[in-house]
Amino acid sequence: MNNPELTKSPGPIGVFDSGYGGLTILRQFRQLLPQYDYLYLGDNARAPYGTRSYEVVYEFTLQAVKKLFSMGCHLVILACNTASAKALKSIQERDLPNLDPNRRVLGVIRPTAECVGGISKTRHIGILATQGTIMSESYPLEIHKLFPDIVVHGEACPMWVPLVENNEFDSPGADYFVQKRIGNLLRKDPEIDTIILGCTHYPLLLNKILKYTPRTIKIIQQGDYVAASLKQYLQRHTDIEALCTRQGSCRFLTTESVEKFEESASVFLRDKIMAERITLE
Ligand code: DGL
């Protein structure tokens with residue numbers, strides 16, 4: 001191990017997001033794999049990441065990964081598309097060999113891309129995501145590696161994460177932004193029959209999204225697919241699985257105020273939770 005400060009003892013599975021969005025992934029992890037311990041980290045103080053540069057998203061994400069490693073995680077899931085698009089590859093290729101080659105960091109884009117081949121009939125797919133994820137072209141790249149015949153169009157939704165982070169996802173004001181972006185996407189390609197919610201915050205806007213999407217279009221939420229992919233990963237990588245503790249617990253960390261996080265996260269998870277404030281550097 002290159003970093004003597006990192007423990008070799010088993011620990012929880014780390015789940016990271018810029019804010020609350022990753023809770024939609026965590027919820028599915030706990031449903032499908034309730035036996036494991038999870039350590040959730042939301043960088044709420046610096047969310048949203050979606051409009052930030054590559055350098056900054058990479059820097060913030062690396063800080064979060066290091067924090068989760070230092071708290072005992074051997075496996076960290078970036079439950080954030082923006083971080084997966086802008087930081088995952090660099091962390092896997094450049095940083096992990098120095099930090100600890102035996103630890104793993106995984107993202108959410110690849111498992112989501114894998115599922116679309118069996119779903120779309122028209123072979124025309126839409127992606128709704130943050131500006132950073134759309135600009136990175138990560139979805140078309142990953143989908144075309146697996147399904148070269150699929151036509152992919154994306155639409156950036158810069159206001160959607162702020163609506164969720166500020167608890168406005170159910171408000172009448174959210175309708176305008178949701179209708180506008182779905183309309184733009186379907187005008188780009190009227191043959192779209194499948195839309196991927198390529199941001200972990202967006203399932204919170206699902207009611208509004210369904211309201212403005214024709215019934216014939218299938219909306220894909222990532223949680224189920226990412227959880228199924230994690231399950232398979234742990235079955236295939238028994239060395240990593242052996243380093244994941246199993247008490248069925250969940251701890252929550254936030255870089256913002258604990259009260260705000262506890263209130264919003266409890267709404268998201270439909271469960272009362274307690275959080276701890278940490279700083280990232
Ligand atoms: N949940 C993050 C994602 O999946 C939101 C990014 C942001 O903070 O803008 O992309």
Side-chain angles (χ1 to χ4, degrees), residues 14-29 40-65 76-89 91 105-113 115 126-142 154-169 174 177-178 181 195-206 209 219-227 229-230 252-256 260-261 264-265 268-269 280:
V15 181
F16 168 68
D17 182 47
S18 60
Y20 300 114
L23 296 172
T24 63
I25 303 286
L26 178 72
R27 200 166 52 199
Q28 300 314 112
F29 285 171
Y40 184 89
L41 168 53
D43 190 8
N44 300 78
R46 303 189 293 193
Y49 280 12
T51 45
R52 293 187 187 273
S53 67
Y54 266 89
E55 290 76 11
V56 171
V57 172
Y58 163 69
E59 188 188 315
F60 288 178
T61 306
L62 183 59
Q63 289 171 355
V65 167
V76 171
I77 314 295
L78 303 183
C80 173
N81 291 265
T82 311
S84 300
K86 291 185 153 187
L88 178 63
K89 202 162 179 286
I91 291 176
V105 181
L106 305 174
V108 289
I109 294 180
R110 176 79 186 200
T112 310
C115 77
I127 314 289
L128 296 169
T130 65
Q131 203 170 315
T133 301
I134 296 295
M135 300 275 284
S136 75
E137 300 266 325
S138 298
Y139 269 100
L141 286 169
E142 285 299 331
E155 172 75 9
C157 312
M159 286 302 291
W160 290 19
V161 170
L163 285 169
V164 172
E165 285 289 311
N166 291 292
N167 244 324
E168 292 285 343
F169 51 91
F177 296 102
V178 171
R181 294 301 168 187
I195 293 179
I196 293 177
L197 303 186
C199 171
T200 55
H201 281 69
Y202 295 177
L204 273 297
L205 288 159
L206 188 65
I209 292 168
I219 303 287
I220 296 187
Q221 302 183 65
Q222 301 178 286
D224 287 340
Y225 300 100
V226 176
S229 172
L230 176 62
F252 296 89
L253 310 173
T254 175
T255 54
E256 244 298 342
K260 188 169 180 285
F261 186 89
S264 298
F268 281 32
L269 294 171
L280 291 176

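This structure is a prediction, so every number in the text was calculated from the model and none was measured. As the structure lists them, so they are numbered: ligands from 1, and atoms in each ligand from 1.
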Under the 3.5 angstrom rule, does the side chain of K86 hit a backbone N or O of R52 as a donor-acceptor pair?
yes

Protein residues having a heavy atom less than 4.0 Å from any atom of ligand 1:
D17, S18, P48, Y49, G50, C80, N81, T82, T130, V161, C199, T200, H201

Between T255 (side chain only) and A45 (backbone N and O only), is there a donor and an acceptor less than 3.5 Å apart?
yes

Are more than 12 heavy atoms from other residues, nucleotides or ligands located less than 6.0 Å from atom NZ of K89?
no

Donor-acceptor under 3.5 Å (T112 side chain, Q222 main chain)
no

Using modelled atom types and a 3.5 Å cut-off, is there a donor and acceptor pairing between side-chain atoms of S18 and backbone atoms of P48?
no

Hey, does the Lys NZ or Arg CZ of R46 hover above the aromatic six-ring of F60, less than 6.0 Å from the centre and inside 45° of the axis?
yes

